[in-house]
There are 2 protein chains.
Amino acid sequence: MPSLKDVARLAGVSTSTVSRAINGNIPVSEETLRRVEKAVRDINYKPNLVARGLRIKSTKLLGLVVPEIQHETFISFIRFTEEAAEAKGYNLIIGSTNSDPDREERFIENLIRRNIDGIIFSRVSDKSHVLKILDKTKIPVVIIDRTLEREDIPSVVMDNYASGKIAAEHLLSLGHEHFACITGPLDIAINRDRLAGFTETVHKAGAVLEDKCIYEGNFKFESGKKGIAYFLDTGAQFTALWAQNDYMAMGVLNYLSKHSIPVPEAVSVVGLDNIQQSWMMQPALTTIAQPFRDMCSHAVDIIIDHATNKEDKMGRIQIMLQPELIVRETTAEPPEKCITVN
Amino acid sequence: MPSLKDVARLAGVSTSTVSRAINGNIPVSEETLRRVEKAVRDINYKPNLVARGLRIKSTKLLGLVVPEIQHETFISFIRFTEEAAEAKGYNLIIGSTNSDPDREERFIENLIRRNIDGIIFSRVSDKSHVLKILDKTKIPVVIIDRTLEREDIPSVVMDNYASGKIAAEHLLSLGHEHFACITGPLDIAINRDRLAGFTETVHKAGAVLEDKCIYEGNFKFESGKKGIAYFLDTGAQFTALWAQNDYMAMGVLNYLSKHSIPVPEAVSVVGLDNIQQSWMMQPALTTIAQPFRDMCSHAVDIIIDHATNKEDKMGRIQIMLQPELIVRETTAEPPEKCITVN
DNA sequence: ATGAAAGCGCTAACAA
DNA sequence: TTGTTAGCGCTTTCAT
């Protein structure tokens with residue numbers, strides 16, 4: 001691998017001049033610039049990022065922390081963050097914590113030891129060490145898909161209230177009057193926001209969403225099955241159901257299919273996330289797409305801006321993006337009467 | 001961030017002694033060792049990996065090249081490679097090439113400039129730059145899920161022939177006699193191996209797999225739909241079908257469901273990969289699981305061994321792991337007569 | 001505009 | 001066993 005020195009020798013200038021010519025921030029004469037550029041081309045020189053990283057403490061490396069990898073939401077985060085990072089000339093180190101705070105801590109420690117330029121957290125848990133990290137080091141941090149109480153931590157989220165509103169509006173517009181909802185964990189603010197958007201819209205329209213028609217799930221497939229089973233067992237009355245993510249919606253559809261309850265003829269089902277399965281299944285799932293691509297590129301921008309501007313205080317950064325309804329085959333006009341199992 | 005120097009000062013020894021004490025390869029007296037360890041603990045010192053990386057040219061960083069991220073196979077690679085790497089104290093930089101050789105080249109170039117310890121390629125295309133890289137630099141390389149003509153490149157793959165054999169044997173054991181197969185791209189050796197394992201096993205059993213019952217797909221959902229549509233349109237006769245990946249199998253099931261052809265009553269369907277969707281759908285897909293976790297951990301081991309041993313020649317490394325049949329609901333005894341559409 | 005020299009934080013050769 | 005010194009490849013004063 002050729003080094004700066006090699007270029008300097010070839011161009012007949014000092015290494016500092018080469019450095020200046022390459023980085024282009026400090027003026028260099030026309031003549032030398034050309035000579036350096038030629039030398040660079042001749043030996044195909046590429047600056048070593050480790051050496052540069054050591055010297056200027058910026059490695060063009062971003063860390064992405066996800067709680068797990070085999071989950072479409074986080075896959076999207078990985079994908080779009082990598083995409084955005086690469087477009088800005090950054091590489092991405094990913095770490096899956098498996099929701100284990102110790103693993104998370106080890107990973108973050110590694111990132112710090114690598115002079116990482118910034119860390120993106122996705123949907124951190126409350127047990128996370130983000131705050132500590134942020135306070136101890138000056139590494140820029142941003143959180144996607146979750147808001148934290150502490151307002152000095154930048155975050156970018158979907159407008160979760162709006163997602164509930166959109167789901168409700170779509171179902172209302174089809175004529176539904178009796179609703180049910182399977183939520184994510186309600187200790188997390190964004191899920192309460194989703195539910196609030198849903199219930200308030202339903203109620204404002206004079207429709208009904210009884211308390212026993214709300215089931216708190218955990219975002220997993222099984223939990224969707226359990227939710228719908230619970231509703232049917234307790235004789236809950238509804239014709240339209242919103243599951244706060246697609247995995248749970250799939251669980252609902254799976255259960256209904258097994259019990260020969262036709263969708264959307266007997267019940268309409270709406271999901272959230274727009275995962276791959278949602279359009280591969282039969283019938284294809286009506287759902288709400290999260291603006292993941294935008295969320296990730298905003299997150300990357302926030303980190304890079306912060307790292308570039310070296311602003312210690314960046315004020316409150318809280319970006320909120322809009323979801324989008326995707327109508328497919330699991331929603332239709334309500335049936336004459338609510339479903340029942342017998 | 002505390003540095004070696006700080007530790008040295010606190011412990012009252014030189015930086016080189018601290019370095020030795022920490023790395024533990026060169027003997028240090030009991031007394032100093034304790035003093036250093038105490039100092040390290042006191043100021044919570046962690047070696048800076050960038051500096052070390054510059055010095056010893058080993059960064060404890062691995063690169064993983066995937067053609068795309070939103071695909072369960074590659075998600076598995078990312079997941080399990082990250083898992084294996086983290087267990088060995090390595091971090092992972094991932095790069096998605098989107099099957100674009102230029103993007104791939106840029107990514108690899110970055111990795112080289114980062115003194116990366118090794119690169120893992122997953123299912124490289126023939127247009128890939130792997131070979132060039134391997135020849136120009138001495139960076140250890142390994143390929144998962146694909147073999148290359150050049151035998152000096154280590155690879156780890158599933159026994160693809162066996163996967164075809166297993167699929168056939170399972171269906172034969174249920175009593176099927178008329179087979180069909182939707183393959184992946186046949187310019188890729190592993191897919192030909194899969195097909196060979198399938199056809200040879202079928203033929204050896206005296207059962208039939210006509211040429212017109214073989215459809216060359218591209219591993220995508222849509223291609224599964226096209227394949228089954230082609231079979232039905234051309235009046236192909238079969239009661240059992242193997243799709244060489246689960247996405248295509250899902251396409252098949254989707255099409256059959258739309259045309260009210262019951263699975264497994266009318267046709268048995270087997271997939272390959274054991275993706276998440278395969279058990280979330282209704283009926284759940286009988287499929288063959290690839291040993292992805294083992295493949296990835298072997299790949300990581302190969303890289304690390306190579307990097308550690310500094311062996312230039314490692315002989316021919318070609319690891320082959322066994323697939324595993326997972327019986328679920330899409331396979332059963334054959335119907336009286338072959339399916340037809342009307 | 002350019003060069004000399006120092007230094008980022010670490011390890012390794014050489015002396016002692 | 002330990003300290004001194006040099007250097008990995010780069011950037012950045014500080015002179016000129």
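Keep in mind that this is a model prediction, so the values were computed, not measured. All heavy atoms count here, side chains included; hydrogens, waters and symmetry mates do not. Per chain, numbering begins at 1; letters A, B, ... match sequence-line order.
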Point to revise | Point-to-point distance, once rounded to the nearest 0.5 Å, from CZ of B:R9 to OG of B:S3 | key: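 Answer rounded to 0.5 Å: 7.5 Å.
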Check your understanding: Closest heavy-atom contact between A:N98 and A:R103?
Key ->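 Taking A:N98 first and A:R103 second, the nearest heavy atoms are ND2-NH1, 2.7 Å.
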Exercise for review: Any chance you could list the contact pattern along nucleotides 8-16 of chain D? Use B for base contacts, S for sugar-phosphate-only contacts and - for none, protein heavy atoms under 4.0 Å, 5' to 3'.
Suggested key: BBBBBB---
Check your understanding: Are any of the side-chain nitrogens in B:E68 or A:R79 under 4.0 Å away from the carboxylate oxygens of its partner?
Key ->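 A salt bridge is absent here (no side-chain N lies under 4.0 Å from a carboxylate O).
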Practice item. Give a yes or no answer on whether the side chain of B:S76 reaches the backbone of B:E72 with a donor-acceptor pair at less than 3.5 Å. Key: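 Yes; at least one donor-acceptor contact below 3.5 Å.
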Check your understanding: Is a donor on one side and an acceptor on the other found under 3.5 Å between the side chain of B:R113 and the backbone of A:N48?
Key ->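 Between the backbone of A:N48 and the side chain of B:R113 there is no qualifying donor-acceptor contact (under 3.5 Å).
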**Study point:** Atom-pair distance (CZ on B:R34; C1' on D:dT1), nearest Å
**Key:**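 Rounded to the whole Å, the gap is 15 Å.
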Check whether any side-chain heavy atom of [X] lies under 4.5 Å from a side-chain heavy atom of [Y], and answer yes or no.
X: B:I120; Y: B:T81; value: yes
X: A:N91; Y: A:K60; value: no
X: A:I94; Y: A:E82; value: no

Review point. If we fit an axis to the first five pairs and another to the last five of the helix from C:dA1-D:dT16 to C:dA16-D:dT1, what angle do they make, to the nearest 10°?
Key: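 Between the first-five-pair axis and the last-five-pair axis there is 40°.
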Review point. Using a cut-off of less than 4.0 Å, is there contact between a side-chain N or O of B:T32 and OP1 or OP2 of D:dT2?
Key: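 Yes, within the criterion.
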